[in-house]
Amino acid sequence: QVQLVESGGGLVQPGGSLRLSCAASGFTLDYYAIGWFRQAPGKEREGVSCISSSDGSTYYADSVKGRFNNSFDSYKNTVYLQMNSLEPEDTALYYCAVRGSVAKMNRVVCMSPYVYWGQGTRVTVSS
């Protein structure tokens, strides 16, 4: 059974850090595009960052570039999103999603439709 489980969310003060995890089970994350998306209350879902498990190439939305780092651990079959210098605007429900792909990551690849989604982990940035 294919499953994605996000974890690592929580309440953090502005300027703080969190590391989100997306653990895959039922399949191995080889040759996949893995995306991180978020949805804030009353807003549309937006793409945050994506990584290719084929070559490790990444894409970051302008709003998080320089603050977030996306990485893949093949041994743990897990993708991580390290979030630093968090801002109140980063408050949202964060999801990971995957689809099969060998393409080098870029914005178009990142924003293409995904097949499997996790249930999300909530991030709240507030003082």
Ignoring hydrogens, what is the shortest heavy-atom contact between Gly47 and Ala61? Give both atom names and the distance. O-CB, 3.5 Å
Within this structure, what is the CD-CD distance for the pair Glu46 and Gln39, rounded to the nearest 0.5 Å? 9.5 Å
When you compare the side chain of Arg67 with that of Met83, does any pair of heavy atoms fall below 4.5 Å? no
Show me the donor-acceptor pairs, under 3.5 Å and distance only, between side chains in residues 113-127 and residues at least two apart or in other chains.
residue : atom : partner : partner atom : Å
Tyr114  : OH   : Cys110  : O            : 2.8
Thr121  : OG1  : Gly9    : N            : 3.0

Please say yes or no: joined through hydrophobic side-chain contacts below 4.5 Å, possibly via intermediate residues, are Leu86 and Phe37 part of one cluster? no
Determine whether Val12 and Val64 fall in the same hydrophobic cluster, where Ile, Leu, Val, Met, Phe, Trp and Tyr are linked whenever their side-chain heavy atoms lie under 4.5 Å apart. yes
If we ignore hydrogens and angles and just use 3.5 Å, is the side chain of Ser21 paired with the main-chain N or O of Ala23 as donor and acceptor? no
Please determine whether residues Tyr60 and Tyr80 belong to a single hydrophobic cluster, defined as Ile, Leu, Val, Met, Phe, Trp and Tyr linked transitively by side-chain heavy-atom distances below 4.5 Å. no
Which heavy atom of Cys50 sits nearest to which heavy atom of Gly35, and what is that distance? SG-CA, 3.6 Å
Supply the atom-to-atom distance Ser57 OG to Ile51 CD1, rounded to the nearest 0.5 angstrom. 7.5 Å
Under 4.5 Å between any side-chain heavy atoms of Ser53 and Ile34, yes or no? yes
Taking all non-hydrogen atoms of both residues, which atom of Ser54 and which atom of Ser101 are closest, and how far apart? OG-O, 3.4 Å
Count I, L, V, M, F, W, Y as connected when their side-chain heavy atoms are under 4.5 Å apart, and connections chain through other members. Are Val48 and Met105 then in the same cluster? no
Rounded at 0.5 Å granularity, tell me how far CG in Leu20 sits from CH2 in Trp36. 5.0 Å
Are the side chain of Ser52 and the backbone N or O of Ala33 linked by a donor-acceptor pair below 3.5 Å? no
If hydrophobic clusters are built from ILVMFWY residues whose side chains come within less than 4.5 Å, do Phe72 and Phe68 share one? yes
Enter the distance from Tyr94:OH to Cys22:SG here, rounded to the nearest 0.5 Å. 14.5 Å
Under 6.0 Å from the CZ atom of Arg99, do we count more than 12 heavy atoms belonging to anything else shown? yes
Residue set satisfying side-chain contact (heavy atoms from CB on, under 4.5 Å) with Phe27, at least two apart, ordered chain then number -> Val2, Leu4, Ala24, Leu29, Tyr32, Val98
Of all pairs that satisfy disulfide bond (SG atoms under 2.5 Å apart), the ones with a partner from residues 58-95, not counting sequence neighbours: none
CG/Leu81 to CZ/Arg19 distance, rounded to the nearest 0.5 angstrom? 10.5 Å
Would the distance check show the side chain of Tyr59 and the main-chain N or O of Met111 forming a donor-acceptor pair, the cut-off being under 3.5 Å? no
Can you tell me if Glu6 uses its side chain to pair, donor with acceptor, with the backbone of Cys96 under 3.5 Å? yes
